[in-house]
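Let me begin by presenting the structure, written as structure tokens, before commenting on it.
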Amino acid sequence: MLENKNTSRTDISSMGEFGLIDHLTKVFTIEHSSTIRGIGDDAAVLELKNQQVVTTDLLVEGVHFDMSYMPLKHLGYKAVVVNVSDVYAMNAIPSQITVSIAVSNRFPVEALEELYEGINAAVKQYNVDVVGGDTTSSTSGLIISITAIGSAKKEEIVYRSNAKENDLLVVSGDLGAAYLGLQILERERQVFQVNPNAQPDLEPYSYLIERQLKPEARKDIPKLLKDLGVLPTSMIDISDGLSSEVIHLCKQSKVGCTVYEDKIPLDPQVITTCEEFNMESTTIAMNGGEDYELLFTISMEDFPKIKGNPNFSVIGHMNKENEGAHLVTRANTKIPIVARGWNSLKEND
Ligand code: ADP
Ligand code: MG
């Protein structure tokens, strides 16, 4: 894991707003010919082909992240990932982002350098240009807002609203690991508070922690689907949990859905950790969230094209709207799917 190596402290106020912006953004380079003007003018100028998709996410300290186990470099990386993931979920390719931060003066310049190092690592990984943003002060915690812009041909953009009865429901990767990673980090923090000398062995949870701290967006999937000649009928990324996302697809497409418990893809570390914590792995996979996998529907005719592909699991199919959304358990009982995804507006119960 990436540790905070930077121990010196430069006060933000010593740089001035413009000095700080210059200092933080000088690491970015422009890679896309579609970026006509990036940082430095009143607005960025882009020249994009096809249709544009625009998406934004706001991350608030204490609501979406906790500084005590989220190193700033990882936070910067994740802030970009959650945005480009939404662009891929439209079957589009991201090309530019803007980054806005509100920061209290308890953060030294070095902390922001780390945040921007993480942003820059993600920018390189996902091949996007940082073309602007805003910087302001905050009286409480750190707030980061990123907007991503991407594009795709009109006929290639995939909405949530076009799934049809009998379409197959497919998910990339595996589910539940990011949520368990957070549980492990939370447990270790409590152990550390009691015994600061404890040397935890986190190796059995390495995949879970990585999925929480350094999630990746599935930039490979839109390209893979295109190579396979598959255009999904609907698509969404899994940020809140499988249950919520299934319900979004159903509602917006006006269809029902059947998901089979035994088809839900789980990493071995999810299975062993759920056993250790006496948790139900299906519940974790359905409601955990932050996996940033892609959930999509395809027409049945396209099944041979994805069959056996290790990137995909067919977990169910769509029904008539009046049949509702159900999970068929291993014991072959049918239980209604309800959205229990993580929701920052919901009161803690
Ligand atoms: P304005 O007064 O027009 O809002 P600013 O002085 O805030 O301009 O910003 C100057 C330039 O730096 C603009 O191009 C803006 O988009 C960019 N910028 C400001 N803050 C950030 C940031 N945190 N990250 C990236 N670019 C930024
Ligand atoms: Mg500004």
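Any value given below was found using the heavy atoms of this structure, including those in side chains, with hydrogens, waters and symmetry copies removed.
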Nearest non-hydrogen partners of D129 and T29, listed with the distance: OD1-O, 3.8 Å
Side-chain donor-acceptor pair present, R189, S68, cut-off under 3.5 Å: yes
Linked, directly or transitively: L294 and F303 (ILVMFWY side chains, under 4.5 Å): yes
Under-4.0 Å salt bridge between E293 and R218: yes
Under 3.5 Å: donor-acceptor pair, side chain of Q269, backbone of Y207: yes
N-O pairing of K226 and E156 below 4.0 Å: yes
Co-membership, hydrophobic cluster, residues V338 and V328, 4.5 Å side-chain: no
Exceeds 12 heavy-atom contacts within 6.0 angstrom, atom CE of M300: no
Salt-bridge present (K223, D227; N to O < 4.0 Å): yes
E301/K307 ion pair, N-O < 4.0 Å: no
4.5 Å side-chain heavy-atom contact, P265 and I315: yes
Pair T98-V131, side chain to side chain contact (heavy atoms under 4.5 Å, CB included): steps then yes or no: CA-CA 6 Å; T98 63; V131 297; 4.0 Å; yes
Side-chain heavy-atom pair I209, I184 within 4.5 angstrom cut-off: yes
Aromatic ring pairing F312/F296, orientation class (parallel under 30°, perpendicular over 60°, tilted between): perpendicular
Heavy-atom closest pair, residues T35 and L46: CA-CD2, 4.1 Å
F65 vs H74, side chain to side chain contact (heavy atoms under 4.5 Å, CB included): CA-CA, chis, key distance, verdict: CA-CA 11 Å; F65 61 91; H74 288 83; over 6 Å; no
Shared hydrophobic cluster for I30 and V130 (ILVMFWY, side-chain gaps under 4.5 Å): no
For the student: nearest non-hydrogen atoms of E186 and Y69, plus distance: OE1-OH, 2.9 Å
Charged N-O contact under 4.0 Å between K254 and E321: no
Flag side-chain contact, heavy atom, 4.5 Å: I298 against T233: no
Donor-acceptor contact present, side-chain S243 to main-chain M286, <3.5 Å: yes
I238 and Y292: CA distance, side-chain angles, deciding distance, side chain to side chain contact (heavy atoms under 4.5 Å, CB included) verdict: CA-CA 5 Å; I238 302 189; Y292 301 105; over 6 Å; no
Main-chain N/O of L142 paired with E61 side-chain donor or acceptor, under 3.5 Å: yes
Pair K73 + E114, salt bridge at N-O below 4.0 Å: no
Residues V255, K320; criterion side chain to side chain contact (heavy atoms under 4.5 Å, CB included); working and verdict: CA-CA 5 Å; V255 290; K320 284 199 171 61; over 6 Å; no
K78 with E290: basic N within carboxylate O range, under 4.0 Å: yes
Connected via hydrophobic side-chain network under 4.5 Å: L266 and L182: yes
Minimum side-chain heavy-atom gap S34-Q96 below 4.5 Å: yes
Residues E261 and K263 bridged, charged N to O under 4.0 Å: no
Value rounded to 0.5 Å, distance of NE2 in H248 from OG in S234: 12.5 Å
Hydrophobic cluster identity match, Y88 and Y159, side-chain contacts under 4.5 Å: no
